[in-house]
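There's a structure below that I have some questions on.
Because the structure is a prediction, the values reported are computed rather than measured. Numbering of ligands and ligand atoms starts at 1, following listing order. Note: hydrogens, waters and symmetry copies are ignored here, and every other heavy atom, side chains too, is used.
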Amino acid sequence: MPKIYLDYASTTPVDPEVIAAMIPYFQGHFGNASSPHAYGRDAHQALEESRECLARLIGAQSREIIFTSGATEANNHALLGTARVHKDKGKHIIISAVEHHSVLEPAEYLRKNEGFEVTVVGVDQHGLVDPREIAGAIREDTVLVAVMCASNEIGTVQPITEIGAITQKHKVLFLVDAVQAVGHIPIDVNELKADLLSLSAHKFYGPKGIGALFIRGETDIAPFLLGGDQEGGRRASTQNVCGAVGLAKALEMCGQWMKREAVNQTKLRNRLLSEVPRLISGVKVNGHKTHRLPNNAHFAFEHIQGESLLMGLDQSGIAVSMGSACTAGAMEPSHVLRAIGLPDELAMGALRVTLGRWTTTEQIDYFLEQLPALVKNLRA
Ligand SMILES: Cc1ncc(COP(=O)(O)O)c(C=O)c1O
């Protein structure tokens, strides 16, 4: 039986060239980047080179980057760190209804425990935020707006530049969760007008456990982890040098692959988007037709439990997802599918297929061969 991975939005394999770049920092150059001796200096140099590389690739300055354990930490830091520092200006934040849980939960924490008001801006049936709604929601006491760049579930890419122009005009901080976009579509913090931007290496062929938060210029933000003075006093803990080297290498490689990958993946993805509803009745395609990540196809099947479909495909050697990895296994329909207006019954039949660097035409053929019979069996 073949073993086919079509769940690249959950995580990606580490590119062999990324592994090769990381290996020296596990052994020969294993020093603590804060140590004053030669081992420490080697590690420090690698860390700072990685920071410079990442900064250059997203249009930032290296002093505007802090390395984190991933995007969950980066999003938590961005929300809690800015809201708390700016609470004298106001205690109102705005988020979109389709944010990842790593944005939703800290926003809810601020609401419940620290007296903040949170306005949740909805989306249309394709998952798009209307920038005018963001403008309408901004108040005198608004300190932060958070809108993700691309949906981890339905792949919709938001009008971030337009939203950024609005937050800039109103002098409100703007957090962009760019986890699903970085490495897959061009990202420039200045073009997006982001004040804060989060990313995670394991979504673009780098290792797990390393991410970064971009913090524009002099943006005031409270430190998240307290302890040593690493990362300019903004994040204590011994730095993950191997991870930072891997992150930078992975992103550099994405720059070289991006155009080619986007063409290949869009072609295969479009085939899925047209073939699945042609082969199977009672299927809804979710997400925007054109403002969409090249690698994302998302469906909702009538009269099917997404989990059964997932398990059935797994038995045929195909790995897919219902949506976000973080809610897989939960019996609640996804908040994103509810936000685009899908009835719960349909939202429970969700299937996300995400493609990547090593997805082939043959793999998509096999998927399209297996799926109709499986859906028929489950419906029967
Ligand atoms: C949009 C989005 N934001 C944040 C995260 C969290 O990233 P990490 O796994 O690095 O904590 C994810 C992971 O799935 C994501 O898709």
Check whether the ring centres of Trp358 and Tyr205 lie less than 6.0 Å apart, and answer yes or no.
yes

Counting each atom of ligand 1 from 1 as listed, which ones have a heavy atom of Met148 under 4.0 Å away?
1 (C)

Hey, is Ser102 touching ligand 1 through its side chain, its backbone, both or neither, going by heavy atoms under 4.0 Å?
side chain

Heavy-atom distance under 4.5 Å between the side chains of Val157 and His288, does that happen here?
no

Contact list for residues 53-71, test side chain to side chain donor-acceptor pair (under 3.5 Å), sequence neighbours left out:
Ser69-Glu73

Do ligand 1 and Ser200 have nitrogen or oxygen atoms that lie under 3.5 Å from each other?
yes

Side-chain donor/acceptor of Tyr366 to backbone N/O of Ser316, under 3.5 Å:
yes

Residue Gly70 vicinity, atoms of ligand 1 by number, heavy atom under 4.0 Å:
10 (O)

Kindly state each residue pair satisfying side chain to side chain donor-acceptor pair (under 3.5 Å) with at least one member in residues 167-180, sequence neighbours excluded.
Asn75-Asp177

At a non-hydrogen distance cut-off of under 4.0 Å, which region of Lys208 contacts ligand 1 (side chain, backbone, both, or neither)?
neither

Once you restrict to heavy atoms under 4.0 Å, what part of Thr72 touches ligand 1? Side chain, backbone, both or neither.
both

With backbone taken as N, CA, C and O and side chain as the heavy atoms from C-beta onward, which portion of Glu73 lies under 4.0 Å from ligand 1: side chain, backbone, both, or neither?
neither

Taking only non-hydrogen atoms of His202 and a 4.0 Å limit, the atoms of ligand 1 in range are 8 (P), 9 (O), 10 (O)

Would you say Ala71 has any N or O atom under 3.5 Å from an N or O of ligand 1, going by distance alone?
yes

Would you say the side-chain atoms of Thr11 and His202 include a donor-acceptor pair closer than 3.5 Å?
yes

Find all atoms of ligand 1 within a distance of less than 4.0 Å from any non-hydrogen atom belonging to Gln180, and give their numbers and elements.
16 (O)

For the side chain of Glu191 and the backbone of Thr161, is there at least one donor-acceptor N/O pair under 3.5 Å apart?
no

